[in-house]
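Right, one structure below, let's go through it.
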Amino acid sequence: MPKPPTGVSPFISIGVGFMAAVGGFLFGYDIGVISGALLSIREEFGVSDFLSELITAGVLIGAVLGAAGGGWMGNRIGRKYSNMVAGVIFGVGALFLALVPDPLWLIVGRIVIGLGVGLASVVGPLYISETSPPAKRGGRVSLFQFAIVLGILVAYVVDSIFAGTTEGWRWMFGLGGIPGFFLFFGFLFMPCSPRWLIMQGRLEEARSVMQQLMGGDQVDEELERITRDIDQGKKGTRTRLMSVPGIRLGLAVALGLAVLQQFIGINTILFYAPIHFQQAGFKSDSAALAATVGLGLINLLATLIALRYVDRAGRRPLLIWGTAGMTVSLAVIAVSFAFITPPHTDVAAISTAPHTVHTPAAASHDAAASKAEASVTPSGAMTTTPDMPKAASSTTVASEGNSISMMSILVLIFTAIFVACFAFSLGPITWTMIAEIFPNDVRDRCVALAAGVNWASNFVISLTFLSLLGYLGPSMTFSLYGLVGLVGVFWIWKVVPETKGYTLEEIEENLGRGDRTKWLPPGKSSTPTQGD
């Protein structure tokens with residue numbers, strides 16, 4: 001195993017990525033925990049579907065606001081202290097949610113937690129990208145996505161542990177405070193971003209931090225490069241965002257990936273997965289939940305592919321192959337639904353659950369509850385009570401008895417493939433490229449903008465999914481997402497540049513050249529052109 005360069009602190013070098021990833025874990029935990037918590041909340045308070053929607057959507061509302069302010073805060077007080085603020089928000093918000101007296105205060109608490117989620121989605125990747133050497137930057141930023149997936153999976157496990165427990169939802173929310181306070185205290189021992197320190201004129205502090213992160217003879221050269229780039233940005237030519245050389249390409253890449261990541265339908269697939277599993281024969285509530293956790297494991301394990309290969313194979317190959325795999329999977333799922341969905345299916349009533357974002361466990365609960373409320377006539381035909389969701393009757397596999405149809409098996413297989421392809425491509429690499437594609441002096445603003453667009457896209461998809469099912473049916477709905485994926489593959493191939501191996505300053509120089517085909521190889525930097 002090669003020794004680190006002279007002067008490098010392994011504690012700091014590894015710690016900066018690990019601590020920022022804790023923010024990603026909290027990001028995932030707080031968007032996943034509502035899956036089981038909302039079930040207990042609805043049983044205890046008898047909240048309406050509308051209130052349930054508000055409780056769930058509170059995180060999305062807060063995340064948009066948190067992401068919008070994340071760029072300003074990251075520039076004002078620094079990336080390090082912004083992560084610490086996010087930790088306080090997570091910790092205090094979790095305790096608040098665990099102690100609230102009624103559903104209205106739950107909505108307030110979820111919005112507060114959302115502020116932390118949005119802030120972490122900006123300053124976490126930003127901090128990792130600015131404290132990582134080029135050869136390791138992609139993997140370390142992808143670690144943030146891995147932590148998100150791990151957080152979602154842990155949330156599902158915690159939900160299953162406290163499901164059925166009196167006021168178990170308070171424990172589900174409250175336990176999220178532990179990593180929140182760990183994020184705050186852990187960052188006390190981490191350095192500030194060297195690029196932010198240089199922007200503040202604290203050159204000696206920046207040199208010391210870079211020595212701990214990089215060591216060797218690279219420090220002076222990199223310090224000079226960053227200083228020159230930041231000085232250029234302060235000459236007055238970059239006061240307006242659109243006057244920054246190369247900004248149009250940077251925005252096109254970051255905003256395009258932010259929208260594509262959501263509009264390809266990943267959250268709708270995760271929501272609908274438990275119903276797929278029930279169609280395939282997972283009839284019991286526990287079996288459906290186990291299958292859901294299994295899907296979470298696939299998501300987690302496939303993210304390891306990105307961690308290993310994003311700095312070896314590169315961003316573009318993983319994005320292209322992953323998005324292509326998702327598109328093919330959506331096509332198979334759409335065709336399968338065309339065969340297994342009965343012509344009379346009332347798809348608008350598949351689920352009355354309003355929580356369509358990252359809540360597959362809740363969907364499985366609704367399907368199981370629908371089954372339990374159904375009655376069987378003497379002739380063996382299934383009927384439903386007037387108040388029950390129609391999931392059980394409208395999603396029954398068109399097969400005899402308990403046998404499993406081939407189309408349902410295809411849906412199961414390609415749902416897993418879809419999630420796996422997302423986990424090594426659009427999932428982690430979107431955040432990697434958002435964090436590295438912008439020039440130094442506008443990176444905080446632009447990362448905040450891209451994160452806000454991502455959360456807004458998430459919100460739009462969550463609001464339209466059930467409506468699309470009602471108007472178009474599942475087959476056409478997933479066909480629509482597949483069309484988005486097809487366009488996405490060609491757009492990535494045509495527009496998105498490869499950033500593997502480049503320093504952040506080299507990326508900025510090459511952005512000024514415009515089209516990705518004009519980029520110089522890593523290490524071949526020269527004075528950038530002024531067009532974009």
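One is the number of the first residue; the rest follow in order along the sequence.
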Ile111 side chain near Val108 side chain, heavy-atom distance below 4.5 Å: no
Interatomic distance, Leu301 atom CG to Ile298 atom CD1 [nearest 0.5 angstrom]: 8.0 Å
Say you draw a straight line from OG1 of Thr227 to CG of Leu203; how long is it, rounded to the nearest 0.5 Å? 5.5 Å
Please check if the side chain of Arg315 supplies one atom and the backbone of Val310 the other of a donor-acceptor pair under 3.5 Å. yes
Heavy-atom side-chain proximity of Leu106 to Trp169 below 4.5 angstrom: yes
Check whether more than 12 heavy atoms from other residues, nucleotides or ligands sit under 6.0 Å from atom OH of Tyr309, and answer yes or no. no
To the nearest 0.5 Å, tell me how far Leu319 CG sits from Glu498 CD. 8.5 Å
Donor-acceptor check, side chain of Ser208 to backbone of Glu205, threshold 3.5 angstrom: yes or no? no
Look only at the side chain of Lys80 and the backbone of Met190, and say whether a donor-acceptor pair between them is shorter than 3.5 Å. yes
Do Glu436 and Thr499 pair up side chain to side chain, a donor and an acceptor below 3.5 Å, judged on atom types alone? yes
Closer than 3.5 angstrom, by distance alone: can the side chain of Asp102 be matched with the main-chain N or O of Trp105 as a donor-acceptor pair? yes
Separation between CG (Asn510) and CD1 (Ile507), nearest 0.5 Å, reads 8.5 Å
Using the ring of each side chain (for Trp, its six-membered ring), is Tyr29 parallel, tilted or perpendicular to Phe25, with breaks at 30° and 60°? parallel
Using the rule given for side chain to side chain contact (heavy atoms under 4.5 Å, CB included), can you reason through Phe424 versus Leu307, listing the C-alpha separation, both sets of side-chain angles and the distance that settles it, and then say yes or no? CA-CA 8 Å; Phe424 72 74; Leu307 289 176; over 6 Å; no
Do any N or O atoms from the side chain of Gln200 and from the backbone of Arg202 form a donor-acceptor pair under 3.5 angstrom? no
Given side chains that start at C-beta, do those of Ile198 and Leu223 come closer than 4.5 Å, heavy atoms only? yes
Does Tyr81 OH have over 12 foreign heavy atoms under 6.0 Å away? no
From Lys500 NZ over to Leu318 CG, what is the distance, rounded to the nearest 0.5 angstrom? 10.0 Å
Any side-chain to backbone donor/acceptor pair from Ser82 onto Met73? Under 3.5 Å, distance only. yes
Any donor-acceptor pair under 3.5 Å linking the side-chain atoms of Trp455 with those of Ser121? yes
Mind listing the closest non-hydrogen atom pair of Cys421 and Met326 along with its distance? CB-CG, 3.6 Å
Quick one: closest heavy-atom pair of Asn83 and Phe187, and the distance? CB-CE1, 3.4 Å
Are the side chain of Arg443 and the backbone N or O of Phe438 linked by a donor-acceptor pair below 3.5 Å? yes
Establish, from distance only, whether the side-chain atoms of Glu130 and Ser193 form a donor-acceptor pair under 3.5 Å. yes
Which heavy atom of Val158 sits nearest to which heavy atom of Met172, and what is that distance? CG1-CA, 4.1 Å
For the backbone of Ser129 and the side chain of Ser132, can you confirm whether one donor and one acceptor N or O come within less than 3.5 Å of each other? no
Looking at every heavy atom in both Ala57 and Phe459, which two are closest together, and how far apart are they? CB-CE1, 4.1 Å
Using a 4.5 Å cut-off on heavy atoms from C-beta on, say whether the side chain of Pro428 contacts that of Phe144. no
Mind listing the side-chain donor-acceptor pairs of residues 249-261 below 3.5 Å, one per line with the distance, residues two or more places apart or on another chain?
{"unit_1": "Gln261", "atom_1": "OE1", "unit_2": "Asn454", "atom_2": "ND2", "d": "2.7"}
{"unit_1": "Gln261", "atom_1": "NE2", "unit_2": "Leu426", "atom_2": "O", "d": "3.0"}
{"unit_1": "Gln261", "atom_1": "NE2", "unit_2": "Gly427", "atom_2": "O", "d": "3.2"}

If you compare all heavy atoms of Thr303 against all heavy atoms of Ser142, which two are closest, and at what distance to 0.1 Å? CG2-O, 4.5 Å
One pair to check against side chain to side chain contact (heavy atoms under 4.5 Å, CB included): Arg42 and Leu38. What are the steps and the verdict? CA-CA 6 Å; Arg42 296 181 79 171; Leu38 193 56; 4.1 Å; yes
Are Ile178 and Phe182 side-chain neighbours, meaning at least one heavy-atom pair lies under 4.5 Å? no
Check whether any side-chain heavy atom of Ile41 lies under 4.5 Å from a side-chain heavy atom of Phe173, and answer yes or no. yes
Under 3.5 Å donor-acceptor, Glu505 side chain and Arg225 backbone: no
Apply side chain to side chain contact (heavy atoms under 4.5 Å, CB included) to Ile107 and Arg110, showing your working. CA-CA 5 Å; Ile107 298 170; Arg110 291 287 287 171; 5.9 Å; no
Can you tell if the side chain of Val447 reaches within under 4.5 Å of the side chain of Pro125, non-hydrogen atoms only? no
Looking at every heavy atom in both Gly176 and Leu26, which two are closest together, and how far apart are they? O-CD2, 3.3 Å
Decide yes or no on side chain to side chain contact (heavy atoms under 4.5 Å, CB included) for Val117 and Phe90, but give the supporting numbers first. CA-CA 8 Å; Val117 170; Phe90 281 125; 3.8 Å; yes
Inter-residue atom distance Ile55.CD1 - Leu104.CG, 0.5 Å rounding: 8.5 Å
Derivation of the salt bridge (Lys or Arg N to Asp or Glu O under 4.0 Å) call for Asp444 and Arg79: CA-CA 9 Å; Asp444 42 24; Arg79 287 63 157 136; 3.7 Å; yes
Contact between Asp159 and Ile34 at the side-chain level, heavy atoms closer than 4.5 Å - yes or no? no
Contacts under 3.5 angstrom, residues 64-71 side chains, donor-acceptor by atom type, not counting sequence neighbours:
none

